[in-house]
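Chain identifiers are assigned alphabetically (A, B, ...) following the order of the sequence lines, protein sequences preceding nucleic acid strands; residue numbering begins at 1 within each chain. All of these numbers come straight from a predicted model, not from anything done at the bench.
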Amino acid sequence: MAIKLFDSLTREVRPLRIPSAADPQDVFSFYNCGPTVYAPAHIGNFRTFVINDVLRRLLELELGAGKVRHVRNLTDVDDKTIKRSRDENRPLGDVTRQWTDKFHADCAALNCLPPHDEPRAADPKYLREQVNMIECLMEKGNAYRAADGSVYFKVSSFADYGRLSRVRERELQPGSALKALAADADEKEDGSDFALWKAWKPDDGPNKWPGPKGAAEGRPGWHIECSAMSKSLLGMTIDLHTGGVDLLFPHHENEIAQSECCNGTTFSRHWYHSEHLLVDGRKMSKSLGNLYTLDDLAAKGFSPMALRYALLSGHPRKQLNFTLDSLHAAESALQTLRGYRATLPDAGVTHDVFGPVLTALQDDLNTPAAFGALFTVVNRKDGQADRASFDRVLFALGLKLDAPVAPKTEIPAEVQLLADRRWSAKQAKDFASADALRKELAAAGWSMLDRKDGYSLEPAKK
RNA sequence: GGCGCGGUAGCCAAGUGGUAAGGCCGAGGUCUGCAAAACCUCUAUGCGUCGGUUCAAUUCCGACCCGCGCCUCCA
């Protein structure tokens, strides 16, 4: 069964290309715009990466692991990374390595499969590719050198510009957007042109590289990295390009312009954009102070797997309002799945009762419907399910059901004493005292869990 | 102002022209001395408002109200 996915360009749900099974060279090429590594990624970033991870997993299940090539880039040279390096007075490479490592650790915690390639924009190999592409655009008359040695893409040279975001149908809000347009208007021939290469400025410090022929030393613009790295690793036409909705314009619009002008062929057969995660009903932002990282949630006692579940609990193409409540719900739901899995026989069932879960995912990545289908089977408890088929859908969703690591909490001596006294009272069948002591423990913030042969203490749940 | 998305039970969230999946919370029960866990049962005559089309609308159409996003380097 083919995977169907909404295509942002044609605005319809349509099947993804199926590579030829007979041709081992024919693989499904999938490029996902990655993070800028200058700070920890926030949970909104991870919504996109988790959704893309489910897509990757689904493709592997559908086509076979060897038939999918997944690339996700790292933006490690841009205004923000350079600013960080300047502010902290350390080399750009140190800064980006630190945050790349953190990103990888967070992805691993969220059980995201590593992409097959993870190219970096500042990698000399890919800097060369970017410069090549800019030179190609200059030769073809799609780009020009500005007075300061920067190079800009000439938007008017590409007739198809704006097809993805339908930017031509929009009218700019006077005041806000127009101001931004004016920022570097001196250097551009036209306000809508965008930078391919940025000439070095003192603020850039030591971060500069030889530019395209005729241009000044400097660094690549943001958009060109994806065009160049995608071409280098996946070829001129790829099967699928994804990212968050905010990348639709201008980033992806500009990528199309660069790639199609340089290569003379279709850039991507399919475009997919996941919607934003909101917090408190608003987009996350530093200025609103509603930005969470994985570490913030860990500090509140939530597991990364609960976040993964919560991020998938809304339809990927709809805004999802994140709340701490949704994390509580996710922890409980995961616990239910854990208990259920323990009841399953290893194998030996003739038909796959979890088919509807995968069907929901294949239908435009409907993750909430997939969870619904999953729990419908779980609740049936008709003995028809086996562990192998359950694990298959868990793989698709990327859910790991390891027992959560209980945070080690020091038990205060007085709490331990109360617990010991209660245990003794219980053994002596002095239930009145035992109950009173349980209340004292609760007041101290502890729950005492009785077993036949002893007890354990846990911090009381809220 | 332009472009786009959304409003479904206490919270979250699928879905369909023919009478509302699922998760969480909550309630009752079984089991435990009690508690916890586990398991069982229950929980929207209703899908923003008002009209229209239809045998039938939450689902289609129109108007309106409310919320959110994007509009040149934010996933």
Side-chain angles (χ1 to χ4, degrees), chain A residues 11 32-36 41-52 75 78-80 155 165-178 180-181 183-184 191-195 198 221-223 242-251 253-254 273-278 281-286 309-310 313-315 317-323 325-337 339 343 356 360 366-379 381 426 429-432 434-435 438-439 441-442 447-452 455-456 458 460-461:
Chain A
R11 294 171 169 263
N32 171 20
C33 282
T36 302
H42 57 67
I43 59 175
N45 300 121
F46 284 118
R47 180 181 194 200
T48 297
F49 298 130
V50 165
I51 287 167
N52 276 272
T75 297
D78 78 323
D79 289 345
K80 285 178 301 218
V155 166
S165 59
R166 306 203 299 181
V167 73
R168 294 245 160 88
E169 284 96 316
R170 302 179 183 188
E171 284 179 22
L172 291 178
Q173 161 94 305
S176 61
L178 288 181
L181 278 179
D184 51 359
S192 58
D193 292 349
F194 56 90
K198 304 180 98 162
W222 175 40
H223 312 297
T242 67
V245 272
D246 50 330
L247 297 186
L248 228 142
F249 185 84
H251 185 52
E253 198 70 74
N254 293 351
H273 295 90
S274 45
E275 256 294 349
H276 278 301
L277 184 71
L278 308 181
R282 314 221 54 153
K283 182 176 164 178
M284 271 187 291
S285 74
K286 276 184 186 156
Y309 187 102
S313 68
H315 190 108
R317 290 195 297 107
K318 268 174 81 168
Q319 292 170 347
L320 176 67
N321 190 23
F322 174 83
T323 61
D325 267 353
S326 69
L327 244 30
H328 279 117
E331 294 281 17
S332 298
L334 287 170
Q335 190 53 41
T336 299
L337 293 177
T343 68
N366 194 336
T367 51
F371 281 140
L374 178 62
F375 278 93
T376 299
V377 178
V378 166
N379 291 333
K381 293 188 176 62
K426 182 184 166 176
K429 302 217 184 289
D430 177 5
F431 296 126
D435 288 351
R438 179 183 284 290
K439 273 185 187 151
L441 282 162
S447 304
M448 186 163 167
L449 307 180
D450 292 0
R451 291 188 314 271
K452 277 203 175 90
Y455 66 87
S456 58
E458 282 183 4
K461 285 177 187 156

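- A 4.5 Å side-chain heavy-atom check between Trp222(A) and Asp78(A) finds every atom pair outside the cut-off.
- Between C25(B) and Ser332(A), a contact under 4.0 Å exists linking OP1 or OP2 to a side-chain N or O.
- With both ends at atom C1', the span from C70(B) to A75(B) equals 14 Å, rounded to whole Å.
- Taking the side chain as every heavy atom from C-beta outward, Leu337(A) and Phe375(A) approach each other to under 4.5 Å.
- Judged by distance alone, with hydrogens and angles left aside, Asp450(A) brings a side-chain donor or acceptor within reach of the base of C34(B), the pair sitting under 3.5 Å.
- Backbone-only engagement by Thr336(A) is indicated by non-hydrogen atom pairs under 4.0 Å involving sugar-phosphate atoms exclusively.
- For Asp246(A) and C5(B), the CG to P distance is 17 Å, given to the nearest whole Å.
- In this entry the distance linking CG of Asn379(A) with C1' of C24(B) reads 13 Å, nearest Å.
- Using a 4.0 Å heavy-atom criterion, one finds that Gly244(A) contacts the sugar-phosphate atoms exclusively.
- Lys318(A) has no side-chain polar atom (N or O) that falls below the 4.0 Å cut-off from OP1 or OP2 of G69(B).
- With G22(B), C68(B), C74(B) as the candidates, the nucleotide lying closest to the side chain of Phe375(A) is G22(B).
- G28(B) sits 25 Å from C12(B) when the P atoms are compared, rounded to a whole Å.
- Between the NZ atom of Lys426(A) and the P atom of U32(B) there is a distance of 13 Å, rounded to whole Å.
- A donor and an acceptor atom never sit less than 3.5 Å apart when one is taken from the side chain of Arg166(A) and the other from the base of C3(B).
- One interatomic measurement links the two molecules: CD1 of Ile43(A) to C1' of A75(B), which rounds to 12 Å at whole-angstrom precision.
- Under the stacking criterion of a centre-to-centre distance below 5.5 angstrom and an interplanar angle below 30°, Phe431(A) sits stacked against the six-membered ring of G33(B).
- Contact annotation for Ser326(A): no contact, since no heavy-atom pair falls under 4.0 Å across all strands.
- In terms of position along RNA chain B, the nucleotide closest to Leu320(A) lies nearer the 5' end than the nucleotide closest to the other residue of the pair Gly243(A) and Leu320(A).
- The side chain of Gln335(A) sits closest to A38(B) out of G33(B), C74(B), A38(B).
- Contact annotation: Arg282(A) reaches the phosphate of G69(B) (side-chain N/O to OP1 or OP2, under 4.0 Å).
- Considering only heavy atoms from C-beta on, Gln319(A) comes within 4.5 Å of Glu275(A) through its side chain.
- At the phosphate of A75(B), neither OP1 nor OP2 sits under 4.0 Å from any side-chain N or O atom of Lys283(A).
- Within the 4.5 Å cutoff, side-chain heavy atoms of Ser274(A) are placed close to those of Ile51(A).
- Scanning atom types as modelled, no donor and acceptor separated by under 3.5 angstrom connect the side chain of Arg47(A) and the base of A75(B).
- Applying the 4.0 Å criterion to OP1 and OP2 of G15(B), one finds that Asn366(A) has a side-chain N or O inside that range.
- Within 4.0 Å (heavy atoms only), His276(A) reaches at least one base atom of the nucleic acid.
- At the phosphate of A38(B), neither OP1 nor OP2 sits under 4.0 Å from any side-chain N or O atom of Thr343(A).
- Rounded to whole Å, atom P of C12(B) lies 15 Å from atom CG of Leu327(A).
- Atom-to-atom, CD of Glu458(A) to C1' of A37(B) comes out at 10 Å; the value is rounded to the nearest Å.
- Formation of a donor-acceptor pair under 3.5 Å by the Asn366(A) side chain with backbone atoms of Ala360(A) is not found in this model.
- For the pair Arg317(A) and Phe49(A), both in contact range of RNA chain B, the more 5′-proximal nearest nucleotide belongs to Arg317(A).
- Nucleotide G4(B) holds its C1' atom 15 Å from the CD atom of Glu253(A), rounded to whole Å.
- Arg11(A) has its side chain within reach of Arg166(A): a pair of non-hydrogen atoms, C-beta onward, lies under 4.5 Å apart.
- Among the heavy atoms of the strands lying under 4.0 Å from Gly314(A) are primed sugar atoms or P, OP1, OP2 only; no base atom is included.
- Spacing between atom CG of Leu277(A) and atom P of C12(B) amounts to 14 Å, rounded to whole angstrom units.
- Rounded to the nearest 0.5 Å, atoms OG1 (Thr367(A)) and CG (Leu320(A)) are 9.0 Å apart.
- The side chain of Arg11(A) approaches G4(B) more closely than any other nucleotide in the set C71(B), A75(B), G4(B).
- Across G29(B) and A37(B), the matching C1' atoms stand 16 Å from one another, rounded to whole Å.
- No hydrogens or angles were tested; on distance alone, a donor-acceptor pair under 3.5 Å links the side chain of Asp435(A) to the base of G33(B).
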